[in-house]
Amino acid sequence: MTTETQSAVAGRLREVLDCVTIRFAGDSGDGIQITGQQFTTTTAIFGNDLATFPDFPAEIRAPAGTLAGVSGFQIQFSNRDIHTPGDRPDVLVAFNPAALMANIKDVPPNGVVIVNTDSFGEVDLRKAQCTSNPLEDGTLSAYNVFKVPITQLTLKALEPVPISHKEKERCKNFFALGVLYWLYNRPMEPTLKWFQQKFGKKDPKLVEANTLALKAGVGYAEATELFRSQYDVPPAAYAPGRYRNVMGNEALALGLVAAGKLCGLPVFYGSYPITPASDVLHELSRHKNFGVTTFQAEDEIAAVTAAIGASYAGALGVTGTSGPGVALKSEAINLAVMVELPLIICDVQRGGPSTGLPTKTEQADLLQALFGRNSESPVCVLAPATPSDCFHIAIEAARIATKYMCPVFILSDGYLANGAEPWRIPKVADLPRFEVKFRTTPDCFYPYLRDERTLARPWATPGTPGLEHRIGGLEKSHIHGNVNYDAENHDFMCRLRAAKIQRIVQDVPDLEVNGDEDADVLVIGWGSPYGSIMAACQEARRKGTKVAQAHLRYLNPLPANTGKVVARYKKVLVPELNLGQLLMVLRSKYLVPARGLNKVQGKPFKVSELADAIMQEAKNLS
Amino acid sequence: MTTETQSAVAGRLREVLDCVTIRFAGDSGDGIQITGQQFTTTTAIFGNDLATFPDFPAEIRAPAGTLAGVSGFQIQFSNRDIHTPGDRPDVLVAFNPAALMANIKDVPPNGVVIVNTDSFGEVDLRKAQCTSNPLEDGTLSAYNVFKVPITQLTLKALEPVPISHKEKERCKNFFALGVLYWLYNRPMEPTLKWFQQKFGKKDPKLVEANTLALKAGVGYAEATELFRSQYDVPPAAYAPGRYRNVMGNEALALGLVAAGKLCGLPVFYGSYPITPASDVLHELSRHKNFGVTTFQAEDEIAAVTAAIGASYAGALGVTGTSGPGVALKSEAINLAVMVELPLIICDVQRGGPSTGLPTKTEQADLLQALFGRNSESPVCVLAPATPSDCFHIAIEAARIATKYMCPVFILSDGYLANGAEPWRIPKVADLPRFEVKFRTTPDCFYPYLRDERTLARPWATPGTPGLEHRIGGLEKSHIHGNVNYDAENHDFMCRLRAAKIQRIVQDVPDLEVNGDEDADVLVIGWGSPYGSIMAACQEARRKGTKVAQAHLRYLNPLPANTGKVVARYKKVLVPELNLGQLLMVLRSKYLVPARGLNKVQGKPFKVSELADAIMQEAKNLS
Amino acid sequence: MSPTTPTPPAAPALPAYTKKDFQSDQEIRWCPGCGDYAILNAVQQVMPTLGIPREKFVFVSGIGCSSRFPYYMNAYGFHTIHGRALAVATGIKLAKPDLQVWVVTGDGDGLSIGGNHMIHALRRNVDLKILLFNNRIYGLTKGQYSPTSELGKINKSAPFGTLEQPINPISLALASEATFIGRSVDIYPRHLMELLRRVSAHKGAAFVEIFQNCNVFNDKAFAAMTEKDVRDERNIQLEHGKPLVFGKNRDRGIRLNGLKPQVVKLGENGVTEKDLLIHDEHDVALAYLLSRIGHPEFPLPIGVFRAEKLPTLEERNRQQMDQVRAKLGEGDLERLLNAGDAWDVK
Amino acid sequence: MSPTTPTPPAAPALPAYTKKDFQSDQEIRWCPGCGDYAILNAVQQVMPTLGIPREKFVFVSGIGCSSRFPYYMNAYGFHTIHGRALAVATGIKLAKPDLQVWVVTGDGDGLSIGGNHMIHALRRNVDLKILLFNNRIYGLTKGQYSPTSELGKINKSAPFGTLEQPINPISLALASEATFIGRSVDIYPRHLMELLRRVSAHKGAAFVEIFQNCNVFNDKAFAAMTEKDVRDERNIQLEHGKPLVFGKNRDRGIRLNGLKPQVVKLGENGVTEKDLLIHDEHDVALAYLLSRIGHPEFPLPIGVFRAEKLPTLEERNRQQMDQVRAKLGEGDLERLLNAGDAWDVK
Ligand SMILES: Cc1ncc(C[n+]2csc(CCOP(=O)(O)OP(=O)(O)O)c2C)c(N)n1
Ligand SMILES: Cc1ncc(C[n+]2csc(CCOP(=O)(O)OP(=O)(O)O)c2C)c(N)n1
Ligand code: SF4
Ligand code: SF4
Ligand SMILES: [Mg+2]
Ligand SMILES: [Mg+2]
């Protein structure tokens, strides 16, 4: 964090910072996520680069004030390109003792801690399992603490508004937001506009109340003597264009809608709700006017099989779930492998095994996607690297699924799903249009005759005269596609299905290596840790370690040059939020002594821990 | 095949052979499997070593006389240790044109072909898609063909028996069996005894009819001039003891019953029928008097979850299925991983993917067993090597599951399931008794407190006063076992679950290497190809190639010395009936450039093809 | 879905189909004597008479002997996986509502592993023609009991007799709100064909239980009610608006005593047709009562238990799409991507 | 199972339990105001009165807000996976029939993903006490529609309204041959407790639908029938052998017109109690009729729809084991291994 002291405005110091990380924490009922999202939107519009990390409890609403009920939202914003929501918060805003205790260990010494002193009563402390008051017992001695009676100040500011006490209290998050807006010099307008949109029609009194709260926060920060500095984080240098914030699940849904438009197919999304994938269903269900059909099935098996049925009938069949749902779908995905129909399976991964940590992130379903079905069952596997990449991966998945007539996995995860980043909105005209060809003519039609280049079989949908034919899960004869139990045919077909998936490599760009050409250490990853890995490599380089970096968006097939790339370096490090899954694939495929950097804590890598591990590894070399 | 010509008995030549392979082939309605089994029993009792390979069509009864309806049964028997049912039949008994056409290509030149000429009428030929009569068109010119009007001769022999024409016709298989009994000098008694057992009570006329048919066959062979030699295959040198024939599924079921007895637990088998696993259910359902409960569930998911429930309540919970069923069970198996209860999952593998080749064998579910669940989900995986080994593996699975409180996979397959071999019946007193300890005392009881050596948690079953506690699929806190979402705890528990499975290595014997100590080539396999691999290595050695051989019965964890073993040889060959699954594990774990010998044809390896591949590989070295 | 659904335009004039046109070139692989043959025959005879182009027919099945059905129909066919035919069919129908989708399933496929999809497809009123071949056994896996097997039945997986109360498929379909429910028998070709024609005409989830003899593993399971000589006395044909009369001489009937059905003899004790229950395909309570009766105390009801016209899932889906389009306009991708708080960087 | 089932002997005398004895030390994590609290409270109050040692109680659940129930009971508890509680519980019960096994499930857990296990557990008559918390929504996943959500309902996954006919849980349980079927409401503590006592006493599959308010995602879903001021007029309590009377003044009742139930006013048009339907817990046809009626045309029936004593699956299983033992003798492993055609090699 670079700090420049400038001349004081209004008697205060004004500092310019490159990068700030703020964490809001409070009860699930405190509106933490909304507060964080408002700060995010404003900051994005202001022009900073940013990344966010919301962290909810597994319960809908655990008992107020308990540790189990703490909800968090972290944002890092900067005047330069950043890749993660930040390792440790520079500022912690804690709405109650539970939030304070659950988060304080992450704040570095001298970090800023803003607390709502009104929620540190005896009952509050007991609920948080505090035996003494952390505001008084020295717990916070290492920090820069600001004690603000947020509730009282909010209530006072809202005196004129004719709403209930409870409703007034609920506005306290915007008071706190106001304080932070003042501290970090953010404009109020985007939030004021949002109040209008959100409550304007339903209840104008709430517009007034929230507006007053926000402004009171700003005014309080301005007036009080507590805060001696204001901070500027100047806008980042963005490429010109139109931008918006986007979360991974939203981007995934938009990508699916776009894919349908780009190839002219109606989208069919069969799903059964499951955290953290449900928002994809919610988002898609709003776009009926795009011809999107969402089908909330009775279970995961019905969800995927309905998608296969839709795909058979000529729609873009998509199903979405999380790890436990993929387990349930595996038998049916194998049907899609056998009948060679396009199918997109979105797996928004979460902590496991079993029900595990439903609201936490993890990337431990790679081997399940690759191998979690009976017998030899090759599928294509893709993984987005950032929230907005979910959009592009969705389109890519649709393109591959329809071109090669095969199932394609998208391995997103909880971190991407709910994390946000500014996204330069693509022009529709710039998106890759792709053509889907249905078979329509009966001459020389054989259901399993293949395209020479892609090895895809024809897509002949019911309703087409003259193409009546039968498909199914039993082994098929080559070309004719009839049920066939011959030994040689089976062997041939197994290898053919594998070869077809391998052919996709034609469409996979070579793996790019970033960073130091002459490094001894390669860091290679996949999926959501992209940001952390990127930032960690940059940090390692800043600290004098040479390091090369590559990131896989295509996990099966791997880019053609992957073997060459990994063979080029003395050390290959594979950071993953699992116990070594890509690692296993790379070692077995390329026989390189790659090593894993593994963590399964339900949360993303810290940049610092990765950077340290990389530098350590580089040191071990010499 | 060693041949010695002896003095003729009754004007015929009498030859002594080391080893013979016979294949019976006919319509599914022709009683082929029964014929084969009778030959097997008799041959076993006679004292030969043997191995069998039944091969049924996927249909219950495809239209009579069609290629799709051909059922086959192959047996190899010998005066020495043998390991496979034989590559190619020395003798083919074909009951109709379809059976002849489907099997003739496997018979080596000069092989013996016995056909039932009564079923080569025009209609029969048409059903078999023959455009001309193979008995006349030269198809069989390379073979030693015996044309026998089996049906007519049977009908004639049965004239005195007052049963219907159709019933008489059905006896023709025993006529054919009689011919073979004469040819290979087998006693009739075991089969005559079996007629009594099978039909004695129900219908004595059938005893008479079948007896007459069998004897007529023997008499015919004796009387006709067609057969110029009789063959002796002297008994093999068996270790003393009591023997029986056993098929893999039967052995598996017996092993489970035995396991229950050995540890004093009632066995609970939850299953949903599926080929080729159903016979395990059938067999177990007959042993209610052993306290075995079989539960035929509404689907695979209910089958496995009921087994988990039974195990929770203190029974030996077992579930059985084939690959598609394992796919469906994967989410629930993960629950067992999380709640750390004993669970045995029998996967009788079959050809896939999807419905695939339901009646054919394959060993392509290894990666599914290892990785086919969401997140990091370690389980123990075992694989029997021979039909009778299923018995021992079942006991071993129960021992490990209860000792380490974890799910254990048994990877059998269609070949083991239906194949038979003579089995030296163990004395119950010699079987490994193992103790299962339930937690009964409340002092210091914590549901996730672990045994130091095994890392197993206590098994505390409902009904025990003072141990009331709650378990479930959410992440657990170490020791206390309460729901816990902490980052560090999750990481710790994931690694702990993995470490626990790893600890099983304490109970895994070191991998043994057979054959040439100084070989350059190691052949390492797992599961049912054991016999073929063994025989192939012997053949390679006979032909002057040095080769070492090792076979894995424990796939996870692998024996402690596996890495050392595979590192010791210049070349490591991994024959598997899949596209390289153990291969992948070995390469990734030990970074050895192992190579796969892979085949997915729904049938076992031929000894010759393996031997050739091994010798080729050894040659490439020099 | 969107109007871009890629169905090619139907052929202008319907060819004059014969049964042959619906026979595929695949060898039939059921056991000789299996009841499945008769059902296949009935379906192949009815198809040409329905006035629907062949390419519009899709036959979807799960796994089982019965589920091989699609291979033998010259139409579109999808032999899916065990128990899931209805879910696949739901996807097909939602994607392309103009297809006529038939689902062929067995008592194991449709009521055991697939029971949940059955309930939900029915209550959603997806326009599917569901033929459940009930042979009260698992045929393909060689003779285990099924959810319709009788309590105490001895079979491969219950050598000492099953322990389970069987499910009543008609009651279940009714509780699942199926809008069409019928029953027929493999060996009643004319009755079956008539029923199939009604099924084809019905818009919505049509559930038909067909008693089917598995002569290999459960021979004569229905013989006591359906053999030629007893059939007239032991069956009752349901006819909408008509009294519940049966018997060769049509001299017996069913009347209600409170909520209990009773068999009565016409003419005896002054009983006339007027006392009898009148069949009403719209009365679910009656349908429930009829689903509970059968051999030996009662004649077995065959025919249509319920027929009700209600909007189908796919109709509702299209309708909602139209409404949303009317309200929000046809989806505009550019606008969608640019929705929300966007900002420009110059 | 075998007599070696390792249940330790029960404590000699039953402790005098209080509600506290059934409260676990786990923090309750439902939203403030959730109907689940009241149900938990009722269960915890009833448990001590049942005369059963605490260690014999097992609470099994799937996944959902409701399914967290076992954590809060001081008893044995198994929070399994989504939809599978009934199958797990079936295994428990077969392995140890002397346990009293309660299954807690939701409308999603028990009727959507778990619908098939529901049907089959019921028809098998496994002795399970099944509490289905019906809030007509998916609570835990934050507000998608469930199989009991009303047609047209607007929610997270159907922003323009659902397209699906809901399932009627009571009809379904009945079609599934459940031997005990009841209904109560979270906010009727006394009624609920009474029902729970009957459930405990019933041997066999007991299915209880409990209307439960999800104040966060589906607030007041049942208010129109259950709020204090309307309750008397809009509910009807089913009592075996008694006429179907309701209303604050008990001045209205239900009678039958053919097969159609009708609300009548006692005293009006000469209607007396004698004209009314008499509730009969053994009459499935009546139970079916009652399952179809409710607000607004009818009062909502609460109480016991059906109660029938039939052998349970686990009783039948034990019995069969005993019979087989009686016939074949206690299993002898040595003999089993040596069965069939064995031979000796010297
Ligand atoms: C997932 C899965 N489980 C089990 C099976 C095995 N299986 C195939 S068909 C069948 C039952 C068939 O019974 P039914 O549906 O009544 O059909 P039928 O053969 O009697 O016509 C079973 C258990 C399978 N193919 N897939
Ligand atoms: C296999 C699987 N699919 C989906 C989910 C997500 N999930 C958890 S609870 C639930 C529905 C809960 O609804 P209900 O049973 O009505 O319980 P409620 O929360 O309303 O009490 C869903 C879809 C899951 N945990 N596991
Ligand atoms: S097994 Fe039964 S149902 Fe299957 S084809 Fe044979 S007779 Fe028909
Ligand atoms: S979401 Fe609804 S059902 Fe779940 S705890 Fe909250 S109020 Fe109860
Ligand atoms: Mg059947
Ligand atoms: Mg619910």
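Computation of the quantities below employed the complete heavy-atom set of this structure, encompassing side-chain atoms and omitting hydrogens, waters and symmetry-equivalent molecules. Since the model is a prediction, treat every value here as computed from it, not as a measurement. Below, read A as the first sequence line, B as the second, and so on, with proteins coming before strands; counting in each chain starts at 1.
For a residue to count as touching a neighbouring chain, one of its non-hydrogen atoms must lie under 4.5 Å from one of that chain's; by this rule C/Q26 touches chain A with the side chain only. If you measure heavy-atom distances from A/Y238 to chain C, the contacts under 4.5 Å come from both the backbone and the side chain. If you measure heavy-atom distances from A/A332 to chain C, the contacts under 4.5 Å come from both the backbone and the side chain. Residue A/H287 touches chain C through its side chain alone, counting heavy-atom pairs closer than 4.5 Å. Contacts between C/D322 and chain A at a heavy-atom distance below 4.5 Å are absent for every atom of the residue. Interface remark: A/A251 contributes no atoms to any contact with chain C (heavy atom separation under 4.5 Å). For C/R335, no part lies under 4.5 angstrom from a heavy atom of chain A. A/A302 touches chain C through backbone and side chain together, each having a heavy atom under 4.5 Å away. With a threshold of 4.5 angstrom between heavy atoms, A/L341 approaches chain C through side-chain atoms but not through N, CA, C or O. Residue contact with chain C, scored on non-hydrogen atoms closer than 4.5 Å, involves the side chain of A/V339 exclusively.
Ranking C/I92, C/L328, C/I63 against chain A, the residue ahead of the rest is C/I92, based on heavy-atom pairs under 4.5 Å. For the options C/A326, C/A85, C/A339, heavy-atom pairs under 4.5 Å to chain A are most numerous at C/A339. In terms of non-hydrogen atom pairs under 4.5 Å with chain A, the most contact-rich of C/G329, C/G340, C/A75 is C/A75. Per-residue counts of heavy-atom pairs under 4.5 Å with chain C were compared for A/G241, A/G473, A/A460; the largest is that of A/G241. The most heavy-atom pairs under 4.5 Å with chain C, out of A/K193, A/R470, A/R286, come from A/R470. Of the listed residues (A/I425, A/I471, A/V483), the greatest number of heavy-atom pairs within a distance under 4.5 Å of chain C belongs to A/I471. Between chain C and the options A/E250, A/M338, A/R244, the largest number of non-hydrogen pairs under 4.5 Å is found for A/R244.
In summary, of the residues considered (C/H120, C/R123, C/R124), a side-chain hydrogen bond (donor to acceptor under 3.5 Å, both in side chains) with A/E298 occurs for C/R124 alone.
Nearest heavy atoms, C/L337 versus A/P426: CD1-O, 4.0 Å. Shown here for A/F295 and C/L313, the closest heavy-atom pair between the two residues is CE1-CD2, 4.3 Å. Smallest separation of non-hydrogen atoms from C/E55 and A/P465: OE2-CG, 3.4 Å. Contact record, A/P462 with C/V58: CB-CG2, 3.5 Å, taken as the closest heavy-atom pair. Listed here is the closest heavy atom pair of C/Q320 and A/K288: OE1-NZ, 3.3 Å.
Between A/I308 and C/F78, some side-chain heavy-atom pair lies under the 4.5 Å cut-off. Taking the side chain as every heavy atom from C-beta outward, C/M321 and A/N289 never approach each other to under 4.5 Å. The side-chain heavy atoms of A/L474 and C/R68, taken from C-beta on, include a pair separated by under 4.5 Å. Between A/D299 and C/H117, some side-chain heavy-atom pair lies under the 4.5 Å cut-off. You'll find the side chain of C/N338 reaches within 4.5 Å of the side chain of A/R242, heavy atoms only. Annotation: side chain of C/Y71 is not in contact with side chain of A/N482 (no heavy-atom distance under 4.5 Å). Between A/T305 and C/T80, the closest side-chain pair of non-hydrogen atoms is not below 4.5 Å. Taking 4.5 Å as the limit, every side-chain heavy atom of A/Y312 sits out of range of all side-chain heavy atoms of C/V60.
Once rounded to the nearest 0.5 Å, the distance linking CG of C/L333 with CG of A/L262 reads 6.5 Å.
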Might you work through the side-chain contact (heavy atoms from CB on, under 4.5 Å) test for A/T293 and C/N317, ending with a clear yes or no?
CA-CA 8 Å; A/T293 291; C/N317 187 43; 3.2 Å; yes
Start with the C-alpha distance between C/E330 and A/K261, add both sets of side-chain angles, then the distance that settles salt bridge (Lys or Arg N to Asp or Glu O under 4.0 Å), and finish with yes or no.
CA-CA 12 Å; C/E330 174 67 34; A/K261 281 280 169 190; 3.5 Å; yes
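In A/K427, the NZ atom is not crowded: 12 or fewer heavy atoms of neighbouring residues, nucleotides or ligands sit closer than 6.0 Å.
Taking the six-membered ring for Trp and thresholds of 30 and 60 degrees, C/W343 and A/Y243 have nearly parallel ring planes, at less than 30 degrees apart.
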